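Okay, structure first, notes after.
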Amino acid sequence: MTGAVHTATQDALALVREWLADERFAASQLVLVTCGAVATAGDAGTHDLAHAPVWGLVRSAQSENPDRLVLVDLDGTDASYEALGAALASGEPQFVLRRGAVHAPRLARIAADGPMVPPAGEQAWRLDIQDKGTLENLTLLPTPEAAAPLEAGQVRVAVRAAGVNFRDVLNALGMYPGDAGLMGSEGAGVVLETGPGVTDLAPGDRVMGMLPGGFGPLVVVDRRMVVPMPQGWSYAQAASVPIVFMTAYYALRDLADLRGGEALLVHAAAGGVGMAAVQLARHWGVDVYATASPGKWDTLRGLGLADDHIASSRDLAFEDTFREVSGGRGVDVVLDSLAREFVDASLRLLPRGGRFVEMGKTDVRRPEDVADAYPGVSYQAFDLTEAGLDRIQEMLGELLELFEQGALHALPITAWDLRQAPDAFRYLSQARHIGKVVLTVPAAWNPDGTVLITGGTGTLGGLVARHVVTERGARHLLLTSRRGEQATGAAELAAELRELGAEVTIAACDAADRDQLAAVLAAVPAAHPLTAVVHTAGVLDDGVIGSLTAERLEKVLRPKVDAAVNLHELTRDLDLSAFVLFSSAAGTFGGPGQGQLRGGQIPSWDALAPPPPGPRAYPPPR
């Protein structure tokens, strides 16, 4: 990742400098196109992290060279490509296209409500809805039962992340047939307490599994619904696995009795259950056909499916396509989540009889009606809870064995803070996701834990250190800088913080040096484990775009980008309550002579994934 960031930013700097210096282009504009490098309202964060810093660099270059540079960020949809020409004609110097809609930056007053706020003074609460019908009615309500004494066989879990399922969206909208139960059904967290009879788990153990009502900080569950988390897994990763993989496993193995050599059709195969089903079926030696929206076909190719086994989930052409490819045989099993005419088209792909397993809830058929219309076809709609607690625990164990063997792999994750649940639900309802949507649960700062502040002896680091002590109650600080205790003002800052009641350790460490940082982290005492990270370290080396060099840019990128990646990778398995990176207003608004520093800013490290190609000069290849 760090190499991709350095390369992208260096390439952008060289391109912009060359363009601005060439008199042939004096009356022309250079359009730089990225994909997912910035986030708008409703987006799930920034995904093209390699090119996010390019925007900070070029924004400052724009302020120095009005009307010469244009920044564009796309979402990869056909609608956005089609709208690009008209958007460029608008004259906006920077804009984002999302599904063909143009978003341009404007100064405006933000809404007073903001993210949802947990009930004041309540230890236990969860996401719920009292007036179903609109996602705007989602709220956080007290749940005192989550703090009640435990009964035999129960476990109390501090939830760190919870998976979101389409069932939750239907529940909120009042569209789920029957009783949908509590919102939130899976997640991962830390055992706080065990009830009578639970001897194989202890407080502090990391667990994952079925967590009914898990959209909140505390939940009480039956011991059989959770298993220990594998080493090296993050909470978000663990929260993304239980429902989708167990649903696929139960549907294909328990209900459909799918076996190697058979053919399977998976609808919405780029979604969570769909991707899990494809992985399982291919592991079993099944011939897999799949549908998804065309923009997600690359995901299916990445799962090993050939192009002739992929079709759109937006129209009925899949029926003829798959019948022809299969030589008229069709398939043996259909795993369905669609409705209406799509169900009938799928049933016609079972000409030799077979098994139709329905996991959708918007068009459930009567098995006898299906049998009459399609001889030899068995039809079954199901809920995972029908498997029972004992089978759920068995499946969790069997699935984790497959993960450990490398037969299965975790899905792509789109993570949101629980307090932004309406945005996450809306994102899922629009089928914009690939893989799994996860809500991370805010954890309270632990005064017994250690707070690491990089650049902690500098001006900004000192301000943060005072804040975390006086406002967050931190009592154990680890301040790092390249000079450590020899830094100007370090001794005075430490003395001041100790007077405020904190224990302070100052260490000489270049956070961009992975080995140095690892050694410092290894020295954190077990009695006060690392629970928060604040990265303030940086290097200032401003200059107008024409004066910037590759060497000067590297000087800035190293403490910002390389150090941020090191911090992320070395602490990703820890139970952190905060991971904070500092950016700058100039990175958003642009400032003459400040492109160098702003090119080192990265807005988010929630998901470290390989970047798509770019930036590109317009027109981008299709």
Side-chain angles (χ1 to χ4, degrees), residues 45 115-127 140 146-147 156-162 187-193 203-208 211 214-219 229 233-239 413 415-421 438-454 456 461 463-480 497 501-505 511 520-521 524-536 564 567-582 604-607:
M116 293 185 292
V117 178
E122 294 288 345
Q123 178 188 11
W125 47 268
R126 68 167 172 256
L127 180 72
L140 303 179
R156 194 183 323 277
V157 177
V159 183
R160 294 289 186 263
V190 181
V191 173
L192 295 180
E193 182 184 359
D205 287 348
R206 304 198 318 161
V207 294
M208 57 182 281
L211 304 181
F215 289 156
L218 289 178
V219 67
M229 277 176 54
W233 281 27
S234 69
Y235 289 112
Q237 179 181 354
I413 298 170
W416 305 73
D417 188 292
L418 175 59
R419 293 163 294 187
Q420 297 173 305
V438 171
L439 297 178
T440 57
V441 182
W445 283 53
N446 180 2
D448 291 328
T450 295
V451 178
L452 166 64
I453 304 175
T454 68
L463 290 171
V464 172
R466 296 181 186 95
H467 173 82
V468 300
V469 172
T470 59
E471 300 297 326
R472 296 287 184 172
R475 289 296 174 263
H476 307 278
L477 300 184
L478 172 57
L479 310 182
T480 67
L497 295 171
E503 294 182 2
V504 181
T505 299
V520 168
L521 295 177
V524 174
H528 305 292
L530 189 68
T531 54
V533 173
V534 184
H535 181 41
T536 73
L567 286 164
H568 166 76
E569 292 180 347
L570 292 173
T571 65
R572 68 195 313 170
D573 297 333
L574 303 180
D575 188 15
L576 299 180
S577 57
F579 187 96
V580 182
L581 304 180
F582 273 79
S604 168
W605 287 98
D606 289 337

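Keep in mind that this is a model prediction, so the values were computed, not measured. The first residue in the sequence is number 1, and the count goes up from there.
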Whether Arg475 side chain and Glu503 backbone form a donor-acceptor pair below 3.5 Å: no

Check: Thr531 side chain, Leu576 main-chain N or O, donor-acceptor pair, under 3.5 Å: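 Answer holds: no.
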
Once rounded to the nearest 0.5 Å, what's the spacing between atom [atom1] of [X] and atom [atom2] of [Y]?
{"X": "Ile453", "Y": "Leu463", "atom1": "CD1", "atom2": "CG", "value": "10.0 Å"}
{"X": "Leu218", "Y": "Trp125", "atom1": "CG", "atom2": "CH2", "value": "9.5 Å"}
{"X": "Ser234", "Y": "Arg206", "atom1": "OG", "atom2": "CZ", "value": "8.0 Å"}
{"X": "Leu497", "Y": "Thr470", "atom1": "CG", "atom2": "OG1", "value": "9.5 Å"}
{"X": "Met208", "Y": "Gln237", "atom1": "CE", "atom2": "CD", "value": "8.5 Å"}
{"X": "Arg126", "Y": "Leu418", "atom1": "CZ", "atom2": "CG", "value": "12.0 Å"}

Would you indicate whether the side-chain heavy atoms of [Y] and [X] approach each other to under 4.5 Å?
{"X": "Arg419", "Y": "Pro118", "result": "yes"}
{"X": "Tyr235", "Y": "Asp575", "result": "yes"}
{"X": "Val534", "Y": "Phe582", "result": "yes"}

Identify the heavy atoms of [X] and [Y] that sit nearest to each other, and give their distance.
{"X": "Ala444", "Y": "Ser577", "answer": "O-CB, 3.7 Å"}
{"X": "Leu567", "Y": "Thr571", "answer": "O-OG1, 2.6 Å"}
{"X": "His476", "Y": "Gly449", "answer": "CB-O, 3.5 Å"}
{"X": "Gly216", "Y": "Val159", "answer": "O-CB, 3.1 Å"}
{"X": "Ala161", "Y": "Val438", "answer": "CB-CG1, 3.9 Å"}
{"X": "Ala188", "Y": "Met229", "answer": "CB-SD, 3.9 Å"}

Test side-chain contact (heavy atoms from CB on, under 4.5 Å) applied to Leu477 and Val469, Thr505, Leu452, the passing residue: Val469

Verdict with supporting geometry, Val451 and Arg472, side-chain contact (heavy atoms from CB on, under 4.5 Å): CA-CA 10 Å; Val451 178; Arg472 296 287 184 172; over 6 Å; no

His528 side chain to Thr450 side chain, donor-acceptor N/O pair below 3.5 angstrom: no

